Amino acid sequence: MKEHPQALSNVKVLDLTHYIAGPYCTKLLADYGAEVIKVEKPGEGDGSRRLGPFPKDETHPEKSGLFLHLNTNKKGITLNLKTRTGANIFKDLVRGADVLVENFEPRVMPSLGLDYQTLKQVNSKLVMTSISNFGQTGPYRDYKASEIVLYGMGGAMWSTGLPERPLKLAGSVAQYQAGTVAAVATMGALIASKFQSIGQWVDISIMEAHECSADRRATNILSFAYSGGTTFFRASRMGLLIMPHGRYPCKDGFVEYAGGEPVFWSRWVKMLEMPELLHDPRFKDLADLSRKDEFEAIFLPWLAELSKREATEKAQKEGVPGAAIQTPKDVVNAPHFNERGYFVEIEHPEAGKTKYPGAPFKMERTAWEIRRTAPLLGQHNEEVYCDLLGYAKEDLIKLRAIGVI
């Protein structure tokens with residue numbers, strides 16, 4: 001028996017989410033102890049089961065790296081909410097839940113008879129978090145969107161890429177950011193539910209969560225709001241319009257520096273072991289890019305003799321903001337992350353043993369923990385329906401036959 005329970009050990013969560021934003025929200029809750037029951041469509045499950053990466057690139061609904069990462073520590077059941085019986089069973093689950101998280105389009109829950117106004121009659125203390133592209137109200141409410149659409153509509157794409165061609169930076173930043181914001185908002189509402197005995201509906205717009213919280217978007221909006229200006233990031237090796245600043249090649253890859261401001265110049269010349277550069281008139285104004293080629297003629301041969309690790313150590317030793325641009329392999333094998341226990345090995349019955357990203361933050365007494373692997377489709381049907389709701393095993397056979405589970 002553990003000395004301390006996890007932070008959310010007594011919290012019960014129903015998870016009607018799929019793909020990234022919603023599952024990441026509920027993963028954060030599950031990883032810190034909440035009992036999360038993931039509800040999936042019979043026979044198909046979460047759409048992320050069909051997204052990679054897959055071991056050896058062999059597509060399999062139980063081996064998606066994305067699904068496995070986003071659904072660790074959750075129990076999994078199947079339930080067809082489009083049937084009357086399925087909707088009624090779900091209401092039975094709601095009676096014993098603290099939190100419900102869903103990320104359907106805004107029209108879906110009302111069409112199923114499972115909108116918040118209905119469910120709060122079942123459980124008055126329920127916290128229901130709804131995650132959608134643009135929120136539950138407003139002119140964009142029913143717009144279809146994807147990561148790149150949200151990135152473009154939110155204004156971030158204007159400030160990235162090339163002047164003649166706006167481009168999106170890689171990854172699913174908006175989805176993960178929205179999941180993080182949703183988890184925080186859900187916890188705020190849960191505290192109100194626990195201490196004030198009031199439930200409430202939490203409306204999360206992926207667009208708005210990303211708009212004000214991540215990337216360079218908030219900075220750009222504030223720039224326009226206060227001064228009417230528009231910032232622009234040029235996709236060049238030097239990055240910003242000052243030197244030395246940007247991405248440079250070394251012996252075995254690239255190193256990124258963010259120390260072009262004058263306050264760092266004395267540190268640069270110390271790192272280069274070239275004190276004569278400190279008072280070199282060519283580099284008196286670091287924003288004078290006409291001197292860029294002269295600087296690089298000195299700097300690039302020096303850097304070409306160093307590995308990423310050596311260049312990083314030299315920069316950090318002298319207080320220059322710079323470090324290696326690491327490959328995914330570099331990150332997974334990095335001594336720092338592994339010494340802190342960030343990556344954890346999990347053995348899944350279908351996918352085998354794999355390293356997963358671990359705790360996003362550490363708590364001294366109520367820690368993050370892997371209690372179970374991501375569920376197989378319908379893995380916990382018997383446990384939830386029989387042990388929790390009191391159905392007999394014969395009932396499950398009938399429910400499966402008529403397409404309810």
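Since the model is a prediction, treat every value here as computed from it, not as a measurement. Just so it is clear, the values below take in all heavy atoms, side chains as well, and ignore hydrogens, waters and symmetry mates.
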Any donor-acceptor pair under 3.5 Å linking the side chain of [X] with the backbone of [Y]?
{"X": "Glu62", "Y": "Leu377", "result": "yes"}
{"X": "Ser193", "Y": "Ala189", "result": "no"}
{"X": "Gln177", "Y": "Ala174", "result": "no"}
{"X": "Ser124", "Y": "Lys120", "result": "no"}
{"X": "Arg371", "Y": "Ala30", "result": "yes"}
{"X": "Ser64", "Y": "Pro61", "result": "no"}
{"X": "His380", "Y": "Gly76", "result": "yes"}
{"X": "Lys74", "Y": "Leu70", "result": "yes"}
{"X": "Asp330", "Y": "Thr327", "result": "yes"}

Just wondering, do [Y] and [X] contact through their side chains at under 4.5 Å, heavy atoms?
{"X": "Tyr385", "Y": "Ile89", "result": "yes"}
{"X": "Met128", "Y": "Met109", "result": "yes"}
{"X": "Cys25", "Y": "Thr17", "result": "no"}
{"X": "Leu93", "Y": "Leu389", "result": "yes"}
{"X": "Lys41", "Y": "Glu44", "result": "yes"}
{"X": "Val99", "Y": "Leu190", "result": "yes"}
{"X": "Pro23", "Y": "Asn103", "result": "yes"}
{"X": "Phe283", "Y": "Phe295", "result": "yes"}

Quiz question: by atom type and distance under 3.5 Å, do the side chains of [X] and [Y] form a donor-acceptor pair?
{"X": "Thr366", "Y": "Gln6", "value": "no"}
{"X": "Lys27", "Y": "Thr72", "value": "yes"}
{"X": "Thr118", "Y": "Asp115", "value": "yes"}

Around atom [atom1] of [X], are there more than 12 heavy atoms from other residues, nucleotides or ligands closer than 6.0 Å?
{"X": "Arg340", "atom1": "CZ", "result": "no"}
{"X": "Glu339", "atom1": "CD", "result": "no"}
{"X": "Asn10", "atom1": "CG", "result": "no"}
{"X": "Lys355", "atom1": "NZ", "result": "yes"}
{"X": "Lys284", "atom1": "NZ", "result": "no"}
{"X": "Lys82", "atom1": "NZ", "result": "no"}

Can you name the closest pair of heavy atoms from [X] and [Y] and give their distance?
{"X": "Gly86", "Y": "Leu81", "result": "O-CD2, 4.1 Å"}
{"X": "Val332", "Y": "Asn338", "result": "O-ND2, 2.9 Å"}
{"X": "Gly179", "Y": "Leu28", "result": "O-CD1, 4.4 Å"}
{"X": "Gly322", "Y": "Ala315", "result": "O-CB, 3.9 Å"}
{"X": "Ile370", "Y": "Ile346", "result": "CD1-CD1, 3.7 Å"}
{"X": "Leu119", "Y": "Leu114", "result": "CD1-O, 3.2 Å"}

- [ ] May I have the step-by-step check of side chain to side chain donor-acceptor pair (under 3.5 Å) for Lys38 and Thr26, ending in yes or no?
- [x] CA-CA 9 Å; Lys38 183 178 181 70; Thr26 50; 6.0 Å; no
Open item on the list: Going by the rule side chain to side chain contact (heavy atoms under 4.5 Å, CB included), which residues pair with Lys12 if we only count those two or more places apart in sequence or in a different chain?
Closed with: Glu35, Asp98
Task: Test log, rule side chain to side chain contact (heavy atoms under 4.5 Å, CB included), inputs Leu68 and His348 - done: CA-CA 9 Å; Leu68 296 179; His348 187 271; 3.6 Å; yes
TODO: Mind running salt bridge (charged side-chain N to carboxylate O under 4.0 Å, His left out) on Asp285 and Arg291 for me, showing each step along the way?
DONE: CA-CA 9 Å; Asp285 180 8; Arg291 301 293 190 177; over 6 Å; no
When rounded to the nearest 0.5 angstrom, what distance separates [atom1] in [X] from [atom2] in [Y]?
{"X": "Gln121", "Y": "Lys91", "atom1": "CD", "atom2": "NZ", "result": "10.5 Å"}
{"X": "Gln175", "Y": "Ile131", "atom1": "CD", "atom2": "CD1", "result": "9.5 Å"}
{"X": "Ser132", "Y": "Ile204", "atom1": "OG", "atom2": "CD1", "result": "9.0 Å"}
{"X": "Trp368", "Y": "Asn73", "atom1": "CH2", "atom2": "CG", "result": "7.0 Å"}
{"X": "Asp293", "Y": "Leu300", "atom1": "CG", "atom2": "CG", "result": "9.5 Å"}

TODO: I would like to know whether Glu40 and Arg49 meet salt bridge (charged side-chain N to carboxylate O under 4.0 Å, His left out); could you show each step before the answer?
DONE: CA-CA 11 Å; Glu40 298 184 79; Arg49 288 180 177 274; 2.9 Å; yes
- [ ] Please step through salt bridge (charged side-chain N to carboxylate O under 4.0 Å, His left out) for the pair Arg267 and Glu318, ending with a clear verdict.
- [x] CA-CA 6 Å; Arg267 304 179 192 180; Glu318 303 302 340; over 6 Å; no
Task: Check against ring-ring contact (aromatic ring centres under 6.0 Å, His included), Phe67 and Tyr19 - done: CA-CA 8 Å; Phe67 178 86; Tyr19 290 107; over 10 Å; no
Open item on the list: Would you call the rings of Tyr24 and Tyr176 parallel, tilted or perpendicular, taking 30° and 60° as the class edges?
Closed with: perpendicular
TODO: Please state whether the rings of Phe337 and Tyr342 are parallel, tilted or perpendicular, taking 30° and 60° as the class boundaries.
DONE: tilted
Centroid separation under 6.0 Å, is that true for the rings of [Y] and [X]?
{"X": "Tyr356", "Y": "Phe343", "value": "no"}
{"X": "His18", "Y": "Phe104", "value": "yes"}
{"X": "Tyr257", "Y": "Phe264", "value": "no"}

Task: Pairs satisfying ring-ring contact (aromatic ring centres under 6.0 Å, His included), at least one member in residues 128-147, at least two apart - done: Phe134-Tyr140, Tyr140-Tyr143
TODO: Tell me, with the steps shown, if Arg107 and Asp142 meet salt bridge (charged side-chain N to carboxylate O under 4.0 Å, His left out).
DONE: CA-CA 8 Å; Arg107 62 175 178 79; Asp142 297 314; over 6 Å; no
TODO: Please lay out, stage by stage, how Ser205 and Asn133 fare under the test side chain to side chain donor-acceptor pair (under 3.5 Å).
DONE: CA-CA 6 Å; Ser205 159; Asn133 291 325; over 6 Å; no
Open item on the list: Consider side-chain hydrogen bond (donor to acceptor under 3.5 Å, both in side chains). Of Lys317, Gln316, Arg309, which one does Glu313 pass it with?
Closed with: Arg309
